[in-house]
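In what follows, a structure is listed as structure tokens, so that the remarks can point back to it.
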Amino acid sequence: SMSTQNILFAFGLTLFAGLSTGIGSAMAFFAKKTSTRFLTVSLGFSAGVMLYVSFIDIFPKAREAIALTKSPSMATLYTTLAFFAGMLLIGLIDKLVPNFENPHELHDPQEMYSTEAQQKSKEHSLMRMGIFSAIAIAIHNFPEGMATFMAALQNPKVGVSIAIAIAIHNIPEGIAVSVPIFYATGSRKKAFVLSFLSGLSEPLGALIGFFILRTFMSNMVFGVIFSAVAGIMVFISLDELLPTAEKYGEHHLAIYGVMSGMAVMAVSLVLLGG
């Protein structure tokens, strides 16, 4: 499954997922008021897709790959350890990024520049927040890029679903970078460019992951990485997507989004024979 066509397709999906950060930065300028209900359902939907595909599709396939070289019980053990290692890795990355700069710790932009008198003094901190958000998003997008790439390499159809889910969750991240920078500098261009660049670390993660791993890719290595990818995606869903969805809107809307995401993913896997 390592044909050039597969690799290019997987990379294209990762590029699409990363560059959707730019949609968020554009929305920050053109949308007078983002529909929070739509955003809540969309984020919930993304979480549903990622949770379902991680547990129902990726984890079993990772175990199957490892079972080709290890006994069934050892395959289960390695897959489980790799899954939690993936969660731990993304959790550590999240912890190392300070809260104020962490795009997943929501701040209400309106609170930060509500009175014009305060705006000048806050411009510096807004600019700082925007730049650090861009760095934080770049760090977070790196393993996400690898996750999308690896999934698409193993199963292009599942890769498409994951890329769409990650693309949806990158949109509010784009807003997190561009809004503070725009309010700090008054430059739409500067805000858009920085936000757009932060999304480029997603395809970069895919490229670096591929070049490092291709030399010693085996069923065992693939299974371990694939299972870690499932862990990363579960963490992203529970730590980022769902809390953000809850903060943007009503609890039930987020859950309906999750159920819809799971249902769509389930139907697509059944139809694709996955």
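Values in this document were obtained by computation on a predicted structure and should not be read as measured data. Computed over heavy atoms, backbone and side chain alike; hydrogens, waters and symmetry mates excluded.
In this structure, V53 is not a member of the same hydrophobic cluster as M259, with clusters built from ILVMFWY side-chain heavy atoms closer than 4.5 Å. Hydrophobic clustering keeps V41 apart from V264 (ILVMFWY residues linked when any side-chain heavy atoms are closer than 4.5 Å, directly or through intermediates). In this structure, V193 is a member of the same hydrophobic cluster as L15, with clusters built from ILVMFWY side-chain heavy atoms closer than 4.5 Å. Residues V49 and L253 are members of separate hydrophobic clusters, defined by side-chain heavy-atom contacts under 4.5 angstrom among Ile, Leu, Val, Met, Phe, Trp and Tyr.
Scanning for side chain to side chain contact (heavy atoms under 4.5 Å, CB included) contacts around M146 gives L213, with sequence neighbours left out. The side chain to side chain donor-acceptor pair (under 3.5 Å) search around S195 returns S25, not counting sequence neighbours. In this structure, the side chain to side chain contact (heavy atoms under 4.5 Å, CB included) partners of A67, at least two apart in sequence or on a different chain, are A75. Residues satisfying the ring-ring contact (aromatic ring centres under 6.0 Å, His included) criterion with F196, sequence neighbours excluded, are F192. Applying the side chain to side chain contact (heavy atoms under 4.5 Å, CB included) test to Y78 and every residue at least two apart in sequence or in another chain returns I66, K70, M74, M220. Judged as a side chain to side chain contact (heavy atoms under 4.5 Å, CB included), and not counting sequence neighbours, the contacts of L207 are F11, F211. In this view, T80 satisfies the side chain to side chain donor-acceptor pair (under 3.5 Å) rule with no residue, not counting sequence neighbours.
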List the atom pairs, donor and acceptor, that lie under 3.5 Å between side-chain atoms in residues 222-237 and the rest of the protein, sequence neighbours left out.
| residue | atom | partner | partner atom | Å |
| --- | --- | --- | --- | --- |
| S227 | OG | T79 | O | 2.6 |
| S227 | OG | F83 | N | 3.3 |
| S237 | OG | M233 | O | 2.9 |

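Nearest heavy-atom pair across E202 and A17 is OE2-CB, 3.4 Å. The nearest pair of heavy atoms linking V258 to A47 is CG2-CB, 4.4 Å. Residue T14 comes nearest to A206 through the heavy atom pair CG2-CB, 3.7 Å, listed as atom of the first residue, atom of the second, then distance. Smallest separation of non-hydrogen atoms from F16 and A163: CE2-O, 3.9 Å.
For the pair I56/M265, no side-chain contact is recorded, criterion being any heavy-atom separation below 4.5 Å from C-beta on. By the 4.5 Å heavy-atom criterion applied to side chains, L13 and F9 are counted as neighbours.
Separation of atoms CG (L153) and CE (M150) is listed at 6.5 Å; rounding is to 0.5 Å. The CD1 atom of I90 sits 8.5 Å away from the CG atom of D239 when rounded to the nearest 0.5 Å. Atom-to-atom distance recorded for I58:CD1 and N155:CG is 9.0 Å, nearest 0.5 angstrom. Note that the CG atom of L81 and the OG1 atom of T76 stand 11.0 Å from one another [nearest 0.5 Å].
Just one of V160, I164, V158 meets the side-chain contact (heavy atoms from CB on, under 4.5 Å) condition when paired with I162; it is V158.
Between the side chain of S20 and the backbone N or O of I23, no donor-acceptor pair lies under 3.5 Å. The backbone N or O of L204 sits nowhere less than 3.5 Å from a side-chain atom of S201 that would complete a donor-acceptor pair.
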Report task. Give the C-alpha distance, both sets of side-chain angles, the deciding distance and a yes or no for side-chain contact (heavy atoms from CB on, under 4.5 Å) between L197 and T21. Result -> CA-CA 9 Å; L197 286 175; T21 309; over 6 Å; no
Query raised in the report: Can I166 and M50 be said to form a side-chain contact (heavy atoms from CB on, under 4.5 Å), step by step?
Result: CA-CA 9 Å; I166 288 182; M50 289 170 78; 4.0 Å; yes
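Applying the side-chain hydrogen bond (donor to acceptor under 3.5 Å, both in side chains) test to every pair with at least one member in residues 252-263, sequence neighbours left out, gives no pairs at all. Applying the ring pair (Phe, Tyr, Trp, His ring centres under 6.0 Å) test to every pair with at least one member in residues 144-167, sequence neighbours left out, gives these pairs: F149-F210.
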